[in-house]
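Start at 1 with the first residue, then count along the sequence. As the structure lists them, so they are numbered: ligands from 1, and atoms in each ligand from 1. Side-chain atoms are counted along with the backbone in the values below, which use heavy atoms only and exclude waters and symmetry mates.
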Amino acid sequence: MTYRDLYEAGKRQLDSAGVAEAALDARLLLEYVCHTGRNDLLVHGEQPVEEAREKEYRSLIERRAQRIPLQQLTGEQEFMGLTFLVDEHVLIPRQDTEVLVEEVMKELHDGFRILDLCTGSGCILLSLLHYSNGCSGVGTDLMHDALDIARKNAERLGEENAVFVQGDLFSGVEGRFEIIVSNPPYIPTDVIPTLMDEVRLHEPLTALDGGADGLDFYRRIAREAKAHLCGGGQLFLEIGYDQGEAVTRLLEKEGYRDISCTQDFAGLDRVVCGTLYTAELS
Ligand code: GLN
């Protein structure tokens, strides 16, 4: 079968399975299997595809039609210009989360210590370390399987100043940090059934479910972070589009100052940041 015919067949199958970006995903999977690039469809569409590759492609299309996310099939996602390994145990890094990383980077100085809670693939902590000098960090996650991926990512990126610790938020964390950052689970429990099949069925529920009002993790983080921030330390949180007001109130209540809310590329509230001027004694 030719490269183009195979692509067309893949596209049709994804389309009829209701995959949103059928044409794009059919092309990216074919490029993944054949080690080809964007132009090959246009320039070399008439080339035959080896039987083994055709078979592999058809099986990937089959799995994508079952709504398994593209990134879980290729095993990778780009984030902050870096390539991160992903699997079904970690949330796939989102472009929205780059806003969180960029906000932290504005405040990051050489040698800072960073704590990343609910680290998942490690994409937040590792990109902060990659784009800074002499900083070090700890990433925590409840899930061992997620930490395996985070450690592999650290190794692949050559980030030696990252330590990954299993635990429920701060348990197992010692010392104080200039920066605490988190993209915790924040989807209200009863919204989960309305998410896209790719997210709802194939991404880890523990990375998404933020409790009845979606704010469970922010309540705990805002309170418990005070024993782990240096005086003048800052807390950065990714939030859902409608949580800016509520998370700002929570930080105010806990004594954080200079609280700001930043929007994502779609103009929606995405990051809340606050400073703790007087560190709490632990
Ligand atoms: N933004 C993610 C989504 O759209 C949710 C991430 C989270 O709960 N931290 O599914």
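- Partners of Tyr218 according to the side chain to side chain donor-acceptor pair (under 3.5 Å) rule, which considers only residues two or more places apart in sequence or in another chain, do not exist here.
- Taking the six-membered ring for Trp, His44 and Tyr3 have ring centres at least 6.0 Å apart.
- Neither the backbone nor the side chain of Asp96 comes within 4.0 Å of ligand 1, counting heavy atoms alone.
- Annotation: Arg270 places no N or O atom under 3.5 Å from an N or O atom of ligand 1; distance criterion only.
- Side-chain N/O atoms of Glu203 and Gln72 include no donor and acceptor closer than 3.5 Å.
- For the pair Leu195 and ligand 1, no heavy-atom separation below 4.0 Å is found.
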Side-chain atoms of residues 103-112: list all donor-acceptor pairs with protein atoms under 3.5 Å, sequence neighbours left out, distances to 0.1 Å.
| unit_1 | atom_1 | unit_2 | atom_2 | d |
| --- | --- | --- | --- | --- |
| Glu103 | OE1 | Thr262 | OG1 | 3.4 |
| Glu103 | OE2 | Lys106 | NZ | 2.7 |

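- Close contacts of ligand 1 with Ala207, meaning ligand atoms under 4.0 Å from a residue heavy atom, involve 7 (C), 8 (O), 9 (N).
- Judged by the shortest distance from any of its heavy atoms, Gly210 lies outside the 4.0 Å radius around the atoms of ligand 1.
- For the residue pair Glu46/Thr2, the side-chain donor-acceptor check at 3.5 Å is not satisfied.
- Atom 1 (N) of ligand 1 has as its closest protein heavy atom Tyr186 OH, 3.0 Å.
- With no hydrogens or angles considered, a side-chain donor-acceptor pair links Thr189 and Asp209 at under 3.5 Å.
- In this structure, Leu208 is part of the shell of residues with a heavy atom less than 4.0 angstrom from ligand 1.
- Residue, atom and distance of the protein heavy atom nearest to atom 10 (O) of ligand 1 are Arg94 NH2, 3.1 Å.
- Ligand 1 places these atoms under 4.0 Å from at least one heavy atom of Pro184: 7 (C), 8 (O), 9 (N).
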